[in-house]
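Everything numeric here is computed off the predicted structure, so don't read it as measured data.
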Amino acid sequence: MTATIASHQSRAPRPNPSEGSGQGSGGSKWHPKHCRRQPRRSIHAAADALVLEHLPFASRVAANYARRTGHPREDLEQLAAIGLIKASRRYDSRRVNRSCSNFIAYARPFVNGEITHYLRDKGFLISVPGRWRELHARGQKLLRQGLPADQIPKQLGLTPDRWAEIAAACSVRVVAMALSQTDESLE
């Protein structure tokens with residue numbers, strides 16, 4: 001221990017930055033940023049770590065939407081990741097305990113919001129009113145429950161012609177095609 005103390009005492013004292021002489025060691029000016037040579041971390045390093053840790057959560061949410069809407073899962077996973085990034089940048093871990101479930105509860109509206117905004121804005125090839133999409137979803141649910149197709153309009157309080165119009169408008173789906181399946185003349 002005495003050797004360490006002696007080695008510290010034998011060093012030349014660091015020049016005082018307030019003196020402004022600029023004649024420290026070797027004639028270069030002393031500056032506080034030269035004292036520490038630590039690697040710089042991104043200001044979003046903690047947020048990026050949260051995103052990487054919770055990507056499986058975002059993937060599960062995207063898979064649920066893909067199964068329900070027929071949209072490509074990969075596209076929805078990208079949107080879910082964007083929502084996760086937005087949530088992680090706004091998340092303040094000091095305000096709550098650092099439990100994993102707290103971040104998931106905080107991030108879920110961001111992830112769902114990104115996906116639903118995309119589906120609302122770009123999900124249909126033609127613009128379909130929200131009320132029609134809701135009625136169509138309710139009609140599809142009734143079909144899955146076993147209600148005959150001719151009774152659905154009556155159950156929803158619609159005329160058969162209106163139901164046919166809603167079903168036709170909402171049955172248009174976005175289909176992802178692999179690049180190898182596209183026509184080469186389009187490229």
Side-chain angles (χ1 to χ4, degrees), residues 38-147 149 151-159 162-179 181-182:
Q38 296 176 353
R40 298 190 99 188
R41 287 184 56 182
S42 167
I43 58 172
H44 299 295
D48 294 344
L50 272 174
V51 169
L52 290 175
E53 181 181 345
H54 292 90
L55 275 175
F57 157 72
S59 179
R60 284 191 308 272
V61 173
N64 287 338
Y65 276 99
R67 188 176 61 252
R68 292 188 326 222
T69 64
H71 282 74
R73 180 179 176 166
E74 295 80 19
D75 293 347
L76 298 181
E77 282 178 353
Q78 289 179 4
L79 292 164
I82 290 171
L84 200 59
I85 291 168
K86 287 181 179 180
S88 69
R89 299 270 168 99
R90 294 178 182 209
Y91 185 67
D92 185 8
S93 61
R94 294 172 296 193
R95 293 188 57 174
V96 295
N97 62 7
R98 295 175 188 248
S99 166
C100 178
S101 62
N102 283 338
F103 177 72
I104 290 176
Y106 182 79
R108 186 176 299 275
F110 287 88
V111 172
N112 288 342
E114 283 296 318
I115 294 173
T116 55
H117 288 169
Y118 170 78
L119 293 174
R120 181 193 66 208
D121 298 340
K122 309 259 188 315
F124 288 90
L125 294 177
I126 57 173
S127 180
V128 179
R131 176 77 177 138
W132 282 22
R133 286 183 285 190
E134 179 186 329
L135 286 169
H136 185 257
R138 287 174 46 202
Q140 294 301 312
K141 183 177 180 183
L142 291 172
L143 275 174
R144 287 191 301 271
Q145 291 174 348
L147 190 67
Q151 292 182 5
I152 289 177
K154 186 171 128 183
Q155 186 74 22
L156 295 174
L158 301 169
T159 65
R162 176 61 82 181
W163 172 247
E165 185 180 4
I166 290 172
C170 292
S171 64
V172 177
R173 298 258 178 168
V174 176
V175 178
M177 292 179 18
L179 186 57
Q181 295 175 346
T182 60

Residues forming a side-chain hydrogen bond (donor to acceptor under 3.5 Å, both in side chains) with Arg138, sequence neighbours excluded: none
Rounded distance [0.5 Å steps], CD1 in Ile152 versus CD in Gln145: 9.5 Å
Ala58: partners by side-chain contact (heavy atoms from CB on, under 4.5 Å), with sequence neighbours left out: Ala80, Leu84
For the student: nearest non-hydrogen atoms of Phe57 and Ala107, plus distance: CE2-CB, 4.4 Å
With sequence neighbours excluded, residues passing side-chain contact (heavy atoms from CB on, under 4.5 Å) with Ile82: Lys86, Glu114
Aromatic plane relationship, His54 with Phe103 - under 30° parallel, 30 to 60° tilted, over 60° perpendicular: tilted
Side chains of Lys154 and Trp163 in contact at under 4.5 Å (non-hydrogen atoms): no
Heavy-atom closest pair, residues Leu50 and Ser88: CB-CB, 4.1 Å
Within-4.5 Å side-chain heavy-atom neighbours: Leu156 and Leu142: yes
Heavy-atom pair of closest approach, residues Phe110 and Gly83: CB-O, 3.3 Å
side-chain contact (heavy atoms from CB on, under 4.5 Å) against Asn112, all qualifying residues, sequence neighbours excluded: Val61, Tyr65, Arg108
Closest non-hydrogen atom pair between Cys170 and Arg133, with its separation: SG-CA, 4.0 Å
Between CD on residue Gln155 and CG on residue Leu143, distance to nearest 0.5 Å: 11.5 Å
Partner set under side-chain hydrogen bond (donor to acceptor under 3.5 Å, both in side chains) for Ser59, not counting sequence neighbours: Arg73, Glu77
side-chain contact (heavy atoms from CB on, under 4.5 Å) partners for Gln78, two or more places apart: none
Leu135 CG to Leu158 CG distance, which is reported to the nearest 0.5 Å: 5.5 Å
Rounded distance (nearest 0.5 Å) linking atom CD1 of Ile115 with atom CG of Asn64: 9.0 Å
Verdict with reasoning, Arg60 to Leu55, per side-chain contact (heavy atoms from CB on, under 4.5 Å): CA-CA 9 Å; Arg60 284 191 308 272; Leu55 275 175; over 6 Å; no
